[in-house]
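Here the structure comes first, spelled out in structure tokens, and everything after it is commentary.
Hydrogens, waters and symmetry mates are skipped; everything else that's a heavy atom, side chains included, is used. Because the structure is a prediction, the values reported are computed rather than measured.
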Amino acid sequence: MRLPASAIVVLLFAALLTACASPAPRSAGSPSPSPSPSAPAPAASADPQSTATSTVDSDDPSTWVITDRGIGPITLGAPFVDALALMPGDTRNDTDRCDSVAWWTEGAYDYDVYMAGTETAPDRSPVSVVGTSAWADPAASSGPRTTEGIGVGSSVDEVRAAYPDAVEVPGAVDSEIVHVQAGRIFFTYREEPVITAVTVTTAEMPPYELCG
């Protein structure tokens with residue numbers, strides 16, 4: 001049966017209205033929207049699986065995040081030579097005296113970042129220590145921080161509030177040094193309760209010296 005032209009126009013107009021009113025199709029397997037859950041409370045120690053790499057700049061350690069796994073791209077257990085390649089371009093590595101130690105200093109000496117391996121030969125050495133410090137003026141440090149916002153320059157009270165299960169560990173060599181341990185992360189201070197160094201290590205506590 002042939003429809004008159006006016007009827008065809010009416011049908012086309014109705015089809016257009018239906019298409020505009022219909023929701024956009026969802027791809028197969030797409031979940032239905034649901035309310036966002038409330039954020040969980042901070043853990044007592046950094047989540048070893050947490051990562052924050054979307055804004056990390058390998059040449060700018062101030063963008064690095066401190067976790068139980070390491071600091072920024074430098075992770076515990078990684079081959080030292082591979083980790084060295086991930087440090088900023090002007091990182092120092094004294095191959096004559098300390099093959100498995102490397103350190104980088106921010107241009108204005110605001111803070112530094114360092115790492116060390118467990119063996120003297122860097123080609124075989126896994127990273128066992130990675131840290132950041134600012135002993136002269138820790139409050140001015142703009143270095144790496146944890147996901148809870150804790151880093152060099154934070155107060156001890158802020159550390160305890162972020163990590164309520166953290167424990168204090170006295171330094172093995174210098175009695176003035178105190179470490180607040182949260183998992184593999186050690187927040188270090190001296191007599192003044194301001195964090196001067198943050199170390200992530202597989203050892204029982206941070207080393208007194210990286211290269212004796």
In Å and rounded to the nearest 0.5 Å, what is the NE2 to OG1 distance from His179 to Thr188? 4.5 Å
Do Glu106 side-chain atoms and Ala108 backbone N/O form a donor-acceptor pair below 3.5 Å? yes
So, do Val194 and Tyr189 sit near enough that their side-chain heavy atoms are less than 4.5 Å apart? no
Considering all heavy atoms of both residues, which atom of Ile177 and which atom of Tyr208 are nearest to each other, and what is their separation? CD1-CE1, 4.1 Å
Out of curiosity, Leu76 CG to Met115 CE, how far, rounded to the nearest 0.5 Å? 11.5 Å
Between the side chains of Ser154 and Arg145, is a donor N or O closer than 3.5 angstrom to an acceptor N or O? yes
Tell me the closest heavy-atom pair linking Ala116 and Val101, and the distance in Å. CB-CG2, 4.1 Å
Taking all non-hydrogen atoms of both residues, which atom of Val130 and which atom of Gly70 are closest, and how far apart? CG1-CA, 3.8 Å
Rounded to the nearest 0.5 Å, what separates atom CG in Asp59 from atom CE in Met87? 11.0 Å
Enumerate the side chain to side chain donor-acceptor pair (under 3.5 Å) contacts for residues 128-141, please, sequence neighbours excluded, ordered by first and then second residue. Asp112-Ser133
Quick one: do Glu168 and Arg160 make a salt bridge, cutoff under 4.0 Å? yes
Gln181 and Tyr163: side-chain donor and acceptor closer than 3.5 Å? no
Consider only side-chain N and O atoms of Tyr111 and Thr105, and report whether a donor and an acceptor are under 3.5 Å apart. no
Output yes when a side-chain donor or acceptor of Ser100 lies under 3.5 Å from a complementary backbone atom of Ser125, and no otherwise. no
Just do the side-chain contact (heavy atoms from CB on, under 4.5 Å) check on Trp103 and Asp94 with the steps written out, would you? CA-CA 9 Å; Trp103 65 98; Asp94 188 344; 4.1 Å; yes
Distance, nearest 0.5 Å, that separates CD1 of Ile71 from CD1 of Ile66: 4.5 Å
Are Val81 and Leu210 connected into the same hydrophobic cluster when the rule is that any two of I, L, V, M, F, W, Y join if their side-chain heavy atoms are below 4.5 Å apart? no
Quick one: does Asn93's side chain have a donor or acceptor within less than 3.5 Å of a partner on Thr95's backbone? no
Applying side-chain contact (heavy atoms from CB on, under 4.5 Å), run through Val159 and Ile195 and close with a yes or a no. CA-CA 9 Å; Val159 174; Ile195 302 304; 3.8 Å; yes
Intermediate values then yes/no, side-chain contact (heavy atoms from CB on, under 4.5 Å), Tyr114 and Ile74: CA-CA 10 Å; Tyr114 47 86; Ile74 312 304; over 6 Å; no
Polar side chain donor-acceptor pair, Asp157 to Ser155, under 3.5 angstrom: no
Would Asp110 and Ser142 count as having a side-chain donor-acceptor pair, cut-off 3.5 Å? yes
If you look only at distance, which donor and acceptor atoms sit under 3.5 Å apart when one is on a side chain in residues 169-176 and the other is two or more places apart or in another chain?
residue : atom : partner : partner atom : Å
Asp174  : OD1  : Glu176  : N            : 2.9
Asp174  : OD2  : Arg190  : NH1          : 3.0

Interatomic distance, OG1@Thr199 vs CZ@Phe186, rounded to 0.5 Å, equals 8.5 Å
Between Asp68 and Ile185 the two heavy atoms that sit nearest each other are OD1-CG1, 3.4 Å
Nearest non-hydrogen partners of Asp99 and Asp96, listed with the distance: OD1-N, 4.1 Å
Side chain proximity check, Pro126 to Phe80, heavy atoms < 4.5 angstrom: no
Would Trp104 and Tyr109 show up in the same hydrophobic cluster when neighbours are defined by side-chain heavy atoms closer than 4.5 Å? no
Using the side-chain contact (heavy atoms from CB on, under 4.5 Å) rule, take Thr75 and Val127 through it: C-alpha gap first, then chi angles, then the decisive distance, then the call. CA-CA 7 Å; Thr75 57; Val127 173; over 6 Å; no
Heavy-atom closest pair, residues Pro206 and Thr201: N-CG2, 4.3 Å
Using atom types as modelled and distance alone, determine if a side-chain donor or acceptor of Thr63 lies under 3.5 Å from a backbone N or O of Asp57. yes
